[in-house]
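First up is the structure itself, then whatever we jot down about it.
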Amino acid sequence: MRDTRAEQAPCHLDPRFLQPGDEPDWHLFPETIQAVAVCETICPISHLVRCARAALRSGQLATEPEVTLPADGVIAAGIICRGDNDTALTLREVINRYGRPEDCIPVCPGCERRLVLAGEPLGLNEARLAARGLCKGCYSATARSGQLTKVYQLRPDHCADCKRPLVGREDPVPEGHARFHSDGRCLGCQSTYRRASRKAA
């Protein structure tokens, strides 16, 4: 029989990871600082990434249950969650820093909101993916301005898949860098992604 205790995160059933009542300064409590240290030093990376992904969408508005929010009143992936935009941004940073390429969350280079595919529920600070790695709002604004051919100027800093720093389509490519193509990816990764998508279809 498999020992499931080995699979549990170090925070399992630990009250230090929960906000005590409505204490506004709980982030200063010694227990809270200890809990954050557990995440940063003991928790396996795989647990850390799963925890951040779960916390990113575990909150909910009482008046609008279809809207997802980041967690509030808990410590997740070493982040003191307060259910706000800063919490969402910090949790995404954890996922993008420690996750595998497929775990990473694409962000619109124009407005920096998380990109969500059609059919997925929208959460806090999220937007629908349109094209060229942009959300619908930024894509429309860029098209209206007549600058759609120059959208590479809004490129992200790093490729969403291989994580190499990106340069513009007409810029020289230093060693260790890659040329930006589309959808937040470099030319090589975007080609690989499209081939994989065609095979899956």
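Just so we're clear, the structure is a prediction, and the values are computed from it rather than from any experiment.
Considering all non-hydrogen atoms of both residues, Pro165 and Gly176 come closest at CD-O, 3.4 Å. Of all heavy-atom pairs spanning Arg185 and Cys159, the tightest one is CA-SG, 3.8 Å. Taking all atoms of both residues into account, the shortest heavy-atom contact from Arg128 to Leu115 is O-CD2, 4.3 Å. When all heavy atoms are compared, the tightest approach of Pro174 to Val167 is CD-CG1, 4.0 Å. Pairing each heavy atom of Ala71 with each of Thr87, the nearest pair is O-CG2, 4.1 Å. Closest approach of Ile95 to Ala52, counting heavy atoms only: CG1-CB, 3.6 Å.
A distance of 9.0 Å separates CG of Leu56 from SG of Cys81, quoted to the nearest 0.5 Å. In this structure, the separation between CZ on Arg92 and CD1 on Ile79 is 13.0 Å, given to the nearest 0.5 Å. Rounding to the nearest 0.5 Å places CG of Leu48 at 9.5 Å from CZ of Arg97.
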Show the atom names and distances, to 0.1 Å, of all donor-acceptor pairs under 3.5 Å that link a side chain in residues 31-41 to residues at least two apart or in another chain.
{"from": "Thr32", "atom 1": "OG1", "to": "Trp26", "atom 2": "O", "distance (Å)": "2.5"}
{"from": "Gln34", "atom 1": "OE1", "to": "Arg16", "atom 2": "NH1", "distance (Å)": "3.3"}
{"from": "Thr41", "atom 1": "OG1", "to": "Ala37", "atom 2": "O", "distance (Å)": "2.6"}

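Ile42 and Val49 are assigned to two separate hydrophobic clusters, defined by single-linkage of ILVMFWY side chains at heavy-atom distances under 4.5 Å.
Of the possible donor and acceptor atoms, one in the side chain of Gln19 sits under 3.5 Å from a partner among the backbone N and O of Glu23.
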Practice item. Show your reasoning for whether side chain to side chain contact (heavy atoms under 4.5 Å, CB included) applies to Val74 and Phe17. Key: CA-CA 6 Å; Val74 299; Phe17 289 81; 6.0 Å; no
- Apply the test side chain to side chain contact (heavy atoms under 4.5 Å, CB included) to residues Cys186 and Cys162: give CA-CA distance (whole Å), side-chain angles for both, the deciding distance (0.1 Å), then the verdict. CA-CA 8 Å; Cys186 68; Cys162 70; 3.9 Å; yes
